[in-house]
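These values consider heavy atoms only, across backbone and side chains, with no hydrogens, waters or symmetry-generated copies. Lettering of chains follows the sequences in order, A, B, ..., and the numbering in each one begins at 1.
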2 protein chains.
Amino acid sequence: MPTALEKARQAPDSMKARILSAARKLFGEYGFHGVTTRMIAKEVGIDISTLHYHWGEKQELYEAVLTDLSDEIRAKLVEIEDLVHGKPLAVRLEVAIDVMCDHIFGNPESANLMLFSYFSKNRLTSDIDVRLTRHLANIAVAMGLAVDKSQVPPQANARVLAVWNSVINFAAGESFFRPLLRVDPQTYVDVVKETLKFILIPAFTQKG
Amino acid sequence: MPTALEKARQAPDSMKARILSAARKLFGEYGFHGVTTRMIAKEVGIDISTLHYHWGEKQELYEAVLTDLSDEIRAKLVEIEDLVHGKPLAVRLEVAIDVMCDHIFGNPESANLMLFSYFSKNRLTSDIDVRLTRHLANIAVAMGLAVDKSQVPPQANARVLAVWNSVINFAAGESFFRPLLRVDPQTYVDVVKETLKFILIPAFTQKG
DNA sequence: ATTTGATTCCATCTTTTGATGGACAAATCT
DNA sequence: AGATTTGTCCATCAAAAGATGGAATCAAAT
């Protein structure tokens, strides 16, 4: 039996899915406390009670957004893993950076949501934590930073986190950073990719 | 004639300064919309009207917190610059990472405030932008990424930003990341320093 | 045609929140 | 001392925000 969220995803034009989508966009822009149910309802063009009818409390809707995000990221990581399987590390990194950047710049609210869930004390679910831990372990092993998935040293996880953070930071902070760099959107993406490669590839490919 | 903020800093036990300090702590934890004036007043142990008497609107108080933060960061950057002046790049980076980490882990709300001001659409002042632009240019020149302070290419600024972000991310995200790494607070700081050096130093010191 | 169930909106409630006026006390000035 | 300014709290307001009950609408089932 599909969960409510899965149903919503199956019918992307359903009211429930439209609300989720609008909520995701707004929560990504302003954070949990920066968004009111009325803002979401207005974005969809419906009444607040319709929103409550489909999703219940505001917090439930927010949790659904985070779960949705987590699923999306997991899917993307699997896709990248398939893409780079068997390739040498430098190539893996390069492809991963490209694909991740393209995805995250295409869905900038994802990066914002992630940062909000990392840094805000308003963390409502530990769901993302568990999933992220697994992802980290997988990536660490794939990058040769650990041999055993269940025995990843903190240093290895920290290195993966550093890479991960670098990517989502530039995406989430575009509206702040791009004016600083004084470049247009396309150039910004290119500069970010180049910068990430410049910084990350030497560290992981030098020596043995 | 000193501004209100300067006065508050001169007398750190004054009511105005105590309010600013509490506000800074709470805004750093929960963001602008996640904090109510009543929360701040309660933290200080005063009535809301006393808060309004000293600081006026909530937004004015928030802006004062950001200005305060900006001053603090600037002072720290100057301190680091003095410390590493004339040293080779690898050493500069190492010392900068150590000092910056120690400072930012000692004031974790600073990192959070910075992230909030970067990524939230609720940006109320462009003060930080201007100052940060100058800092970036200075650091870029100091790192040999640009020759002229007033002509820093976007690539150079992006590289400095990447370093900068890496540091504040690990600090702001400690409550989220540390459980993931399963280490105690002191070990966390050490692992972060090691990781940052591992990633950043090779990128900037390899080849010519 | 009637019943049933799912959706949607309007009106409304309660709590939270930002903000202020005024009383009162302490400190400062004349 | 008496007047004035400063600082603090209590009571209260108005707007915002989360939430709900119930009526109206519509489609599907009987």
Among Val191(A), Val192(A), Asp190(A), Asp184(A), whose side-chain contact (heavy atoms from CB on, under 4.5 Å) with Tyr188(A) holds?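 In the set Val191(A), Val192(A), Asp190(A), Asp184(A), the residue that makes a side-chain contact (heavy atoms from CB on, under 4.5 Å) with Tyr188(A) is Val192(A).
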
Quickly work out the [X] [atom1] to [N] [atom2] distance and round it to whole Å.
{"X": "Ile48(B)", "N": "dC9(D)", "atom1": "CD1", "atom2": "P", "result": "11 Å"}
{"X": "Asp47(B)", "N": "dA25(C)", "atom1": "CG", "atom2": "C1'", "result": "15 Å"}
{"X": "His54(B)", "N": "dT6(D)", "atom1": "NE2", "atom2": "P", "result": "12 Å"}
{"X": "Leu61(B)", "N": "dA19(C)", "atom1": "CG", "atom2": "C1'", "result": "14 Å"}
{"X": "Met15(A)", "N": "dT25(D)", "atom1": "CE", "atom2": "C1'", "result": "14 Å"}
{"X": "Met39(B)", "N": "dG18(C)", "atom1": "CE", "atom2": "P", "result": "10 Å"}
{"X": "Lys58(A)", "N": "dA16(D)", "atom1": "NZ", "atom2": "P", "result": "15 Å"}
{"X": "Trp55(B)", "N": "dA19(C)", "atom1": "CH2", "atom2": "C1'", "result": "18 Å"}

Side chain of Arg38(B): nearest nucleotide among dT8(C), dA19(D), dA19(C)?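 The listed nucleotide nearest to Arg38(B)'s side chain is dA19(C).
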
Under 4.0 Å, counting only non-hydrogen atoms across every strand here, what does Val35(B) touch: a base, just sugar-phosphate, or nothing?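 Sugar-phosphate only.
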
For the residue pair Asp47(A) and Thr50(A), confirm or rule out a side-chain donor-acceptor distance under 3.5 Å.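 Distance-only check fails for Asp47(A) and Thr50(A).
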
Could you check whether Ser110(B) and Arg24(B), counting side-chain N and O atoms only, form a donor-acceptor pair closer than 3.5 Å?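 A donor-acceptor contact under 3.5 Å links the two side chains.
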
Just N and O in the side chain of [X]: are any of them under 4.0 Å from OP1 or OP2 of [N]?
{"X": "His52(A)", "N": "dT20(D)", "answer": "no"}
{"X": "Ser49(B)", "N": "dT8(D)", "answer": "no"}
{"X": "Thr37(B)", "N": "dG18(C)", "answer": "yes"}
{"X": "Tyr53(B)", "N": "dG7(D)", "answer": "yes"}

If you define the side chain from C-beta out and look only at heavy atoms, does anything of Asn138(B) sit under 4.5 Å from Leu77(B)?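 Of all side-chain heavy-atom pairs linking Leu77(B) with Asn138(B), none is under 4.5 Å.
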
For the residue pair Lys193(A) and Phe170(A), would you count it as a cation-pi contact if the rule is NZ or CZ under 6.0 angstrom from the ring centre and within 45 degrees of the ring axis?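 Because its charged atom misses either the 6.0 Å distance or the 45° angle limit, Lys193(A) does not stack over Phe170(A).
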
